[in-house]
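Working notes, structure below.
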Amino acid sequence: MAGAKKLYIKTYGCQMNVYDSERMAEAMGGAGYVETDTPDDADMILLNTCHIREKAAEKVYSELGRMKPLKAAKPDLKIGVAGCVAQAEGDEILRRQPMVDLVVGPQSYHRLPTMEARVRAGATALDTEFPAEDKFDHLAARPKAQRGPTAFLTVQEGCDKFCAFCVVPYTRGAEVSRPAGKVLAEARDLVARGVREITLLGQNVNAYHGEAPQATNGPDGDWSLARLIRALAEIDGLDRIRYTTSHPNDMTNDLIAAHGDCDKLMPYLHLPVQSGSDRVLKAMNRKHDAESYLRLIERIRAARPDILISGDFIVGFPGETEADFADTMALVEAVRYGQCYSFKYSARPGTPAAERALVDPQVAGDRLARLQALLTRQQREIQDAMVGRTVSVLFERPGRLAGQMAGKSDHLHAVHVAAPGLATGDLRTVRITESAPNSLAGELIAA
Ligand code: 5AD
Ligand code: SF4
């Protein structure tokens with residue numbers, strides 16, 4: 001596009017930020033911007049930030065500091081901060097780093113083009129409201145460009161759970177579900193553009209309760225996530241559906257049943273528990289205990305025996321004792337996770353737990369190392385057990401070696417296959433032949 005301005009977006013944090021960055025790029029497309037993958041030739045730089053863990057704001061300030069030479073070389077360059085740090089820090093960013101022109105919270109991205117016009121005129125722009133209107137309505141004008149085979153689709157945002165350690169209820173606000181009709185329309189559009197696998201996103205995605213589409217309105221009321229998944233499964237050309245992230249208390253019977261009888265719903269579930277100690281779970285305000293989580297996993301596995309369970313853990317939560325930590329290790333042994341993320345607790349200002357006394361950082365570090373050793377061993381055992389099995393793989397990109405293609409299995413394992421005829425977007429049956437630390441190798445077999 002001749003004369004188009006260039007936009008560079010740097011994305012931190014979760015998959016929802018990746019999705020939001022795409023939507024921001026599209027919104028700015030309407031204001032005459034094309035995306036660039038280097039900050040050096042950009043007319044505008046947006047940092048899409050994450051606030052979930054330690055020193056998030058400090059990291060953003062130092063990243064901004066590193067951009068000073070860019071701005072000095074090109075005074076017209078506009079710099080914006082988006083995402084959860086923007087929401088949490090607000091106008092403090094403009095005060096502390098005067099080089100920043102624009103601060104926009106996650107619920108206001110549809111206002112970016114108007115904000116851009118303001119900053120072009122030499123003003124600064126700040127918007128960290130939680131407006132009543134749906135930002136996605138205004139972001140709907142997608143270019144009809146072809147897409148890769150996988151896509152994220154945000155269906156729900158925000159959280160009403162208020163776990164004692166978590167900033168999400170403050171940065172992303174109260175739980176809001178998008179109407180089911182809009183989600184279906186967006187999914188159909190993605191499929192028309194080449195997408196074969198959609199991951200539904202939400203901070204509490206299984207709490208989804210979206211307005212039913214017009215045609216089905218009436219006694220049905222809102223749609224649950226299970227109902228939405230079943231409707232998505234009707235879309236021809238959409239082969240795989242996933243969702244993340246879920247809270248144990250919202251794993252309803254209909255969602256568990258969908259794992260058993262909806263072929264397009266992939267056998268993978270990210271279901272964070274955070275701790276295996278009832279005392280710690282209570283202090284975290286998780287509103288469930290270890291036993292109920294284990295029973296829930298049993299019910300899910302009864303519906304879909306080969307499901308791969310993934311989780312999140314926090315160690316060193318204020319008050320966590322060695323006995324509490326032993327409960328966490330025991331829960332991990334009982335569940336057997338195929339994938340896991342584990343973190344040392346970090347106090348997030350403004351959350352209830354931030355007021356409590358910290359566990360000795362060395363003790364917490366030692367526990368994290370022990371937990372990660374166990375999780376890595378489990379992950380590896382589950383991955384190794386795939387050798388000899390037949391899985392479906394959606395190929396996403398060329399592999400590292402010539403003639404190789406790489407993709408994901410239904411269990412979300414990275415798989416590469418040497419087969420020169422394969423193309424991006426192919427969904428094929430593969431026999432797994434080898435397991436390496438972070439990926440599987442396989443060979444095509446006739447469908
Ligand atoms: N400290 C450490 N880990 C955290 N998480 C969220 N807040 C904190 C915190 N204050 C982790 C949780 C959550 C994941 C997205 O990040 O495990 O599930
Ligand atoms: Fe944060 Fe998840 Fe708890 Fe909500 S349910 S407060 S997003 S950890």
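Counting convention: from 1, in listed order, for ligands and their atoms alike.
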How far is [atom] from its nearest protein heavy atom, and which residue and atom is that?
atom	answer
atom 16 (O) of ligand 1	R53 NH1, 2.7 Å
atom 14 (C) of ligand 1	D312 OD2, 3.4 Å
atom 1 (Fe) of ligand 2	C166 SG, 2.3 Å

I'd like to check which ligand 2 atoms, numbered from 1 as shown, lie under 4.0 Å from a non-hydrogen atom of [X].
X	result
H247	5 (S)
P169	6 (S)
F165	8 (S)

Could you name the option among [options] that has the heavy atom nearest to [atom]?
atom	options	value
atom 6 (S) of ligand 2	A164, S246, C163	C163
atom 3 (N) of ligand 1	T351, V168, I314	I314
atom 10 (N) of ligand 1	A164, C340, S346	S346
atom 2 (Fe) of ligand 2	K161, R172, E175, Q203	Q203
atom 7 (S) of ligand 2	D160, I314, V168	V168

I need the [X] [atom1] to [Y] [atom2] distance, nearest 0.5 Å.
X	Y	atom1	atom2	value
L331	Q274	CG	CD	11.5 Å
M16	T245	CE	OG1	8.5 Å
Q383	H413	CD	NE2	5.0 Å
L255	L269	CG	CG	7.5 Å
Y345	M284	OH	CE	9.0 Å

Atom indices of ligand 1 within 4.0 angstrom of [X] heavy atoms, with elements:
X	value
Q274	12 (C), 13 (C), 17 (O), 18 (O)
I52	6 (C), 7 (N), 8 (C), 16 (O)
R348	10 (N)
K344	2 (C)

State whether [X] and [Y] are salt-bridged, where the test is any N-O pair (Lys NZ or Arg NE/NH1/NH2 against Asp/Glu carboxylate O) under 4.0 Å.
X	Y	result
E58	R96	yes
R370	E322	yes
E63	R66	yes

For ligand 2, indicate whether the residue [X] contacts it via side chain, backbone, both or neither (heavy-atom separation under 4.0 Å).
X	answer
F162	backbone
P272	neither
C159	side chain

_Under 3.5 Å: donor-acceptor pair, side chain of D384, backbone of E381_ =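 No; zero donor-acceptor contacts below 3.5 Å.
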*When you measure from the side chain of R367 to the backbone N and O of E320, does any donor-acceptor pair fall under 3.5 Å?*
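At least one qualifying donor-acceptor pair exists.
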*Report the part of F165 in contact with ligand 1, treating N, CA, C, O as backbone and CB onward as side chain, heavy atoms under 4.0 Å; options are side chain, backbone, both, neither.*
both
_For the student: nearest non-hydrogen atoms of Y170 and C166, plus distance_ = CE1-O, 3.4 Å
*Looking at L64 and M99, what are the two nearest heavy atoms and their distance?*
O-CE, 2.9 Å
